[in-house]
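Excluded from the calculations below are hydrogen atoms, water molecules and symmetry mates; all remaining heavy atoms, backbone and side chain alike, are included. Owing to the predicted nature of the structure, the values given are computational and were not obtained by experimental measurement.
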Amino acid sequence: PLSFPDSASMYVRHAFLALLFVTAGACTGESVKPLPTPPAAPAADTARDFDALLERYFEELLELNPLLATYIGDNRYNDRLPNFLGSEYRRQAREFNERYLAQARRFDPAELDAPRRISHEIFLRERKRAIEAERFPDHLLPINQAGSLLTVMPALGSGTNAQPFATVEDYDHWLKRLDGYVVWMDQAIANMREGMAKGVVQPRPVMEKVLPQVEAMIVAKPGDSTFFAPVQKFPEAFSAADRARLTEAYTVAIRDELVPAFRRLHDFIRDEYLPHARSTVAWTALPDGEAWYAYFVQEHTTTTMSADEIHRLGLSEVARILGEMDRVKDAVGFQGDREAFFTYLETDPKFYFTNGADLLEGYRVLKRRIDAALPRLFSVFPKADYEVREVEPYRAQAAAGAYYQQPSADGSRPGIFYVNTYNLKAQPKFGMETLSLHEASPGHHFQIAIQQELVGLPRFRRFGGDYTAFVEGWALYAEYLGRELGLFTDPYQWFGRLNDEQLRAMRLVVDTGLHAKGWSREQAIQYMLDNSTLAESDVVSEVERYIAWPGQALGYKVGDLRIQA
C-alpha cells in the first residue's frame, strides 16, 4: 500500500499522464469515453478544501515513508526508517488509505475544475488499489534479488546516492536510520518464517541470488564495508573531534549491529529458508496466486487484458520484430541465416568493449550527442541534469544492465543513469543508442525529472503513482524517436533498437508463460536466447527478475503500443 524507491529507482511515476491508461483500456480496442464538461471553476471553498486534503495526505505520507522524502530531496526525516514489514506499520498504512479514501469521496467531481477532477480520479484510484492489495501477503516475501531495502540501504549508505552526507548532522541522521535497518532485517526473518508456515515463499533461484548480496555485506573489518565509505570522505570543514567521534560511531555500528544482522539474515536464508523455497516459479503456485497475478497484470498494464491476450500479443510482436531483424541482416550483406547472424553479433569482438571504463565513457560521449539533438523535438527540458555512473559491485551480478535514478526535485542532485559493467558481453556497442534513449534522455530522465518540477500539480502527482504502462511505455517510445533525433544511422545501432524492442515483446510472452501458462525457468531462458542476441547472463537475470517481480515486465510494450496508437 505504500511504496518506496527501489535501488533501480524507476518508480517515481508520471501519474497525471497515466490517466491515458486509466480511462482508455490500452490495446483492448475500448473506446475512450469523454469526460462530462466540468464547470469553469470550482467553488472557492471546494477547491481550497480539496487542495488542503491532498497536501495533508502528502505530508502524512512523507512521515510514513521517510525514504520517499529523502529521494525527492526533503531531508526532514533522514534519520528515520520505519519497520515497513511490521504489523503495526501495516495497520497504519491500511488506516491511512481508508481514511483518505473516505475523505476524498466526500468531494463531488462535478464541482471541481478539470485539473482537480483529474487529481480526484487518480487519488481515488490509487487509494482503492492500495486497499485491494491488502488481500495479498506481500509482507511475507520481503526480499528478492531484484530490489528491496537489502539493496537500497547500501546504495544510500555509500555516500554517493540520495542520502546526504554534507554536515555532521547528516552523519548522525544516517546512524539513526541504520538502527531501523537492523530492525527491518530481523522483521524480514520473522516474516519469512511466517511465510514458510503458510506456504508463501520465494522460488529457490531467487533466493540463491540473494545470498551473495547479503554475504557481500558481511565484512571482516568495518573499513571494508560499503557503509564505511562516508567516513573515508569527510567534508573538509569537519573538526578533528567530529571526525574521531563519527569514525568510532560508524565502526561500532557496522561491527556490532550491521554485520551481525546481515550474518543472521544470511544464515537464516541458507540454513532455514532455502530448504523450504519453492521448486515452482509461477506466482499462481502461491495461495490465492491466480488472483494475485491477475492483480499484478492489471496494476502494471492498467488494462483489462487477460494473461492469454497478452501472451498472444507478445507472440505476434516477436514474429514481427524478427522480420525486421532479417531486413537488417540483408542490408549489411551478411551471408547466412538469422541464427548465424545472431551468433556473429554475440561473438565478434568488434561489437564489445574490453573494459568498463571505456563503456562508461562511450555513454558519456553519447549523452553529449543526444543532448545536442534534443531541441529538434523538445522545447521543455528538465532543470536537473543526469550523470552516467557504474553499478556498484556488490549488486552488479543480479542487477539489470542499466537503470535510472531520479534527481532531487530542486535539481540540486542530478539523475543517475546506472550502467552495469559486470559482464561486458551483455553490453554490446550496437545497443548503446537505444539504451541511452530509454534510461536517460528523452526517456526516464525527461519523464521523471520534469514530473517532479511541475509545481502547479499536487505533490502526490509529482512524486507518486506507479503507472508502469506510462513510465516504461514512454521510455520505450523514446527509443522509437531515435531516428528523428539523428540516431540509428548505423544499421547495427538500428538492430540494437530492434533487439531492445524484442526484449520487451518477449517479456509479454515469458512473464505470462511463467506465471499463467506453466513455463519453467529453463523454458523461458531458452525462448529468449532463441529470439534475440541477448547474452545468456542477461537472459538469466531477466527471467529471474520476472519470477520475482511478476507483471511489471508487461507494462513496457503495452504502454508503448498505446502511445504509438
Side-chain angles (χ1 to χ4, degrees), residues 1-4 11-23 33 35-36 38-39 41-69 72 74 76-77 80 82-139 288 291-292 294-296 298-300 302 304 454 456-468 470:
L2 294 171
S3 61
F4 54 86
Y11 317 117
V12 176
R13 301 312 195 187
H14 207 155
F16 81 98
L17 284 174
L19 190 66
L20 290 170
F21 304 101
V22 176
T23 57
K33 297 177 182 178
L35 291 169
D45 288 349
T46 301
R48 183 192 63 224
D49 291 347
F50 182 64
D51 292 348
L53 169 71
L54 299 184
E55 184 62 18
R56 286 197 310 275
Y57 163 82
F58 197 77
E59 275 295 303
E60 192 172 339
L61 174 64
L62 293 179
E63 285 199 70
L64 276 169
N65 190 351
L67 283 181
L68 173 61
I72 67 175
D74 184 335
R76 289 176 293 167
Y77 310 114
R80 303 185 193 178
N83 182 4
F84 293 110
L85 301 175
S87 58
E88 175 59 22
Y89 184 87
R90 290 185 286 109
R91 183 198 63 75
Q92 282 183 283
R94 180 170 59 253
E95 186 275 333
F96 173 74
N97 283 308
E98 289 173 348
R99 173 162 44 89
Y100 276 102
L101 176 62
Q103 291 178 20
R105 279 175 166 160
R106 295 172 189 160
F107 290 89
D108 181 354
E111 297 179 3
L112 300 173
D113 60 11
R116 288 183 175 86
R117 189 161 63 184
I118 292 172
S119 292
H120 186 260
E121 182 173 353
I122 294 171
F123 191 80
L124 289 179
R125 181 187 189 276
E126 291 180 356
R127 302 288 68 72
K128 286 187 276 190
R129 292 293 288 176
I131 292 167
E132 287 172 27
E134 293 282 342
R135 169 178 175 178
F136 308 114
D138 61 334
H139 63 286
D288 203 22
W292 202 347
Y295 174 88
F296 283 136
Q298 188 178 62
E299 184 70 6
H300 289 294
T302 64
T304 57
L454 294 174
L457 286 180
R459 287 190 293 168
F460 93 95
R461 285 173 63 183
R462 290 170 59 200
F463 302 114
D466 192 9
Y467 295 93
T468 313
F470 175 73

Original post:
Residues in side-chain hydrogen bond (donor to acceptor under 3.5 Å, both in side chains) with Asp108, at least two apart?
Top reply: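 Partners of Asp108 by the side-chain hydrogen bond (donor to acceptor under 3.5 Å, both in side chains) criterion come out as none, since no residue qualifies.
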
[X] with [Y]: basic N within carboxylate O range, under 4.0 Å:
{"X": "Glu126", "Y": "Arg129", "answer": "no"}
{"X": "Asp51", "Y": "Arg48", "answer": "no"}
{"X": "Arg90", "Y": "Glu134", "answer": "no"}

What is the distance from atom [atom1] of [X] to atom [atom2] of [Y], rounded to the nearest 0.5 Å?
{"X": "Leu64", "Y": "Glu95", "atom1": "CG", "atom2": "CD", "result": "9.0 Å"}
{"X": "Phe58", "Y": "Ile72", "atom1": "CZ", "atom2": "CD1", "result": "4.0 Å"}
{"X": "Arg94", "Y": "Ile131", "atom1": "CZ", "atom2": "CD1", "result": "10.0 Å"}
{"X": "Arg127", "Y": "Arg99", "atom1": "CZ", "atom2": "CZ", "result": "11.5 Å"}
{"X": "His300", "Y": "Tyr295", "atom1": "NE2", "atom2": "OH", "result": "8.5 Å"}
{"X": "Thr46", "Y": "Glu111", "atom1": "OG1", "atom2": "CD", "result": "5.0 Å"}

Original post:
Taking it one step at a time, do Glu59 and Arg459 satisfy side chain to side chain contact (heavy atoms under 4.5 Å, CB included)?
Top reply: CA-CA 9 Å; Glu59 275 295 303; Arg459 287 190 293 168; 2.7 Å; yes

Quick one: closest heavy-atom pair of [X] and [Y], and the distance?
{"X": "Leu62", "Y": "Tyr77", "result": "O-CD1, 3.7 Å"}
{"X": "Leu53", "Y": "Ala104", "result": "CD2-CA, 3.8 Å"}
{"X": "Pro109", "Y": "Arg117", "result": "O-CD, 3.4 Å"}
{"X": "Arg462", "Y": "Leu454", "result": "CD-O, 3.0 Å"}

Report yes if the side chains of [X] and [Y] come closer than 4.5 Å at any heavy-atom pair, otherwise no.
{"X": "Ser119", "Y": "Arg461", "value": "yes"}
{"X": "Ile122", "Y": "Ile118", "value": "yes"}
{"X": "Glu299", "Y": "Thr468", "value": "no"}

**OP:** Walk me through it: do Tyr89 and His139 pass the test side chain to side chain contact (heavy atoms under 4.5 Å, CB included)?
**Re:** CA-CA 11 Å; Tyr89 184 87; His139 63 286; over 6 Å; no

Subject >> Under 3.5 Å: donor-acceptor pair, side chain of Asp288, backbone of Ala291 >> reply: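 A pair under 3.5 Å: no.
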
**OP:** Kindly write out the residues that satisfy ring pair (Phe, Tyr, Trp, His ring centres under 6.0 Å) with Phe107, not counting sequence neighbours, or none if the list is empty.
**Re:**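 If we apply the ring pair (Phe, Tyr, Trp, His ring centres under 6.0 Å) test to Phe107, skipping adjacent residues, the hits are Phe50.
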
Original post:
Does the pair Phe470 and Thr302 meet the rule for a side chain to side chain contact (heavy atoms under 4.5 Å, CB included), with working shown?
Top reply: CA-CA 9 Å; Phe470 175 73; Thr302 64; over 6 Å; no

Subject >> Side-chain donor-acceptor contact under 3.5 Å, Gln103 with Tyr57 >> reply: no

Subject >> Trace of the side chain to side chain contact (heavy atoms under 4.5 Å, CB included) decision for Leu61 with Phe96 >> reply: CA-CA 9 Å; Leu61 174 64; Phe96 173 74; 4.0 Å; yes

